[in-house]
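Chain letters run A, B, ... following the sequence lines, proteins first, then strands; residues in each count from 1.
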Protein chains: 2
Amino acid sequence: MTAPRSAEQVHAALAAQIVQGRLAPGAPLAETALAEQFGLSRTPVREALQKLAGEGLVERGPRRAFVVRRMSADALRHLFEALGELEALCAGMAARRMSAAEIAMLNRILHGDGPGVDYADVNIRFHDALRQGAQNQVLAGLLEDLNRRSLPWRNAQFTQRAERIDTSRAEHRAILEAVTARDADRAAALMRAHMGAALGTVLELIATR
Amino acid sequence: MTAPRSAEQVHAALAAQIVQGRLAPGAPLAETALAEQFGLSRTPVREALQKLAGEGLVERGPRRAFVVRRMSADALRHLFEALGELEALCAGMAARRMSAAEIAMLNRILHGDGPGVDYADVNIRFHDALRQGAQNQVLAGLLEDLNRRSLPWRNAQFTQRAERIDTSRAEHRAILEAVTARDADRAAALMRAHMGAALGTVLELIATR
DNA sequence: ACTGTGCGATATGTATACATGTTGTGTTGA
DNA sequence: TCAACACAACATGTATACATATCGCACAGT
């Protein structure tokens, strides 16, 4: 592992560590320590931390120090609700706007997968395709942002239960059907329910911890 | 007016100038020149520029220099569409969740003001109250963000035509009625139409420029 | 005359030194 | 013994000096 050589690489490295949960919420991010760790001066480290703060992955703690962002149960609910509503919004828009070729691609993502492809991959590609299908770069950017911010908590439980995965697959197929039928309202409602179910289990797991 | 937190003051000053249109899209923001202008070193200026870039008010041009963000017609449409959809989403949620007291306050904002209050103020307070009424800090934050990003173009035409203001007032009252009736779908649809009308005129004005 | 290469200027990226503010601890007084 | 004040240590905020890359211009060669 070659040491990062620029502010952007420091940013990417820290973001990855936070998203993967290798840096727990509340963990201090002292500029001097990180600079020494990355073999750089404080300046690019500072720059990376400020960018992370702007993205909501990091916040200021006591002593104006940067710490990995902590979120209250309420804040988490708000984040997950926003994520679900925006995904639903995009699904509805995608049902109206996706081309036949794009819908065919969506179909291939869900059904064309052999046994070698795991659910997590299909899940990401399915949601990505719908985001693109909404044909609004601003909404896509917002969703990407919310996804990053929620990943640390969604990754807290790595292994989805098998029955939940089966249910999710069925929900994906139902959304695809609604999109194929150009039924925007149904696509949005199904996506809202899908996200609510998926994120609800995460919330429960976090609450019981 | 030199106070501590110089970087934040530079950020606020530049953001205000960009939002007010005093810095035109594409205008170069050289670090050295700004540092001299503010009587500071490049470090806090740099910090402010990076924060502005994270907020989408500034982008990188040739020579890696910062310039005031330019937006294509498509990007502007996407931004305005996202703004309208999120406002509609919040309006629907607010119709379900606002307390009676909050709705009464909304009523006072629209009807309780004398002729001395201008439309722009009422408009801002009305939309703010609805955003708060949705009771989701994340969505409120996203909307605040999109508002900032769109302000440079919304402010391009300072004076609303009188007939448009009257129409907007009527639309506000209709939304308030829907919220009072707890009709989320109607509130959302009315808000979507309201935003579409308000932003549509801006888009036309910019296109004909 | 046009094009390609090389050099120079200028702005950004990085490193380091200095200023400042906060916090924790130790000492002193009641 | 407890509380309050002062000092010291460490972290962030700012300034400055240095490194590096990119763009424009000029000159030379075809």
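- The residues A:E36 and A:R42 are annotated as not salt-bridged, no charged nitrogen and carboxylate oxygen being separated by less than 4.0 angstrom.
- Between C:dG13 and A:T43, no contact under 4.0 Å exists linking OP1 or OP2 to a side-chain N or O.
- Per the geometry, CZ belonging to A:R60 stands 14 Å off C1' belonging to C:dT22, to the nearest Å.
- In this structure, A:Y119 and A:H172 have parallel ring planes: the angle between them is below the 30° cut-off, well short of the 60° mark.
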Can you give each donor-acceptor pair under 3.5 Å made by side-chain atoms of residues 84-91 of chain B, sequence neighbours left out, with the distance rounded to 0.1 Å?
residue, atom, partner, partner atom, Å
B:E85, OE1, B:R192, NH1, 2.7
B:E87, OE1, B:H127, ND1, 3.3
B:E87, OE2, B:R131, NH1, 3.0

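- Here C:dA15 is the nucleotide among C:dT12, C:dA15, D:dT16 with the atom lying nearest to any side-chain atom of A:P44.
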Considering only nitrogen or oxygen atoms on both sides, find all protein atoms under 3.5 Å from nucleotides 7-10 of chain D and state each distance.
residue, atom, partner, partner atom, Å
D:dC10, O2, A:R63, NH2, 3.0

Exercise. Check the pair A:T180, A:L176 against side chain to side chain contact (heavy atoms under 4.5 Å, CB included), reporting the backbone distance first and the verdict last.
Key: CA-CA 6 Å; A:T180 304; A:L176 171 61; 3.8 Å; yes
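- Within the structure, a side-chain polar atom (N or O) of B:R46 is placed less than 4.0 Å from OP1 or OP2 of C:dG13.
- We find that A:R63 and A:E31 are not joined by a salt bridge, their nearest charged nitrogen and carboxylate oxygen being 4.0 Å or further apart.
- Distance from the side chain of B:A65 is smallest for C:dT12 among the nucleotides C:dT12, D:dT12, C:dA15.
- Between A:E47 atom CD and C:dT12 atom P the separation is 12 Å, expressed in whole Å.
- Ranking C:dT12, D:dT14, D:dT12 by closeness to the B:E31 side chain, first place goes to C:dT12.
- The side chain of B:R64 contributes no N or O atom lying less than 4.0 Å from OP1 or OP2 of D:dT22.
- In terms of modelled atom types and a separation under 3.5 Å, the side chain of B:R69 and the main chain of B:L57 share no donor-acceptor contact.
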Please list, one pair per line, the donor and acceptor atoms closer than 3.5 Å that link side chains of residues 70-78 of chain B to other protein atoms, with sequence neighbours excluded.
residue, atom, partner, partner atom, Å
B:R70, NE, B:E59, OE2, 3.3
B:S72, OG, B:A75, N, 3.1
B:D74, OD1, B:R77, NH2, 2.5
B:H78, ND1, A:Q137, N, 3.1
B:H78, NE2, A:Q135, O, 3.4

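- Atom-to-atom, CD of A:Q9 to C1' of C:dT14 comes out at 14 Å; the value is rounded to the nearest Å.
- As a whole-Å value, the separation of B:L34 CG from D:dA15 P is 14 Å.
- In this structure, B:H11 atom NE2 and D:dG13 atom P are separated by 15 Å, rounded to whole Å.
- Both A:P62 and A:R42 lie close to DNA chain C; mapped to their nearest nucleotides by heavy-atom distance, the more 5′-ward contact belongs to A:R42.
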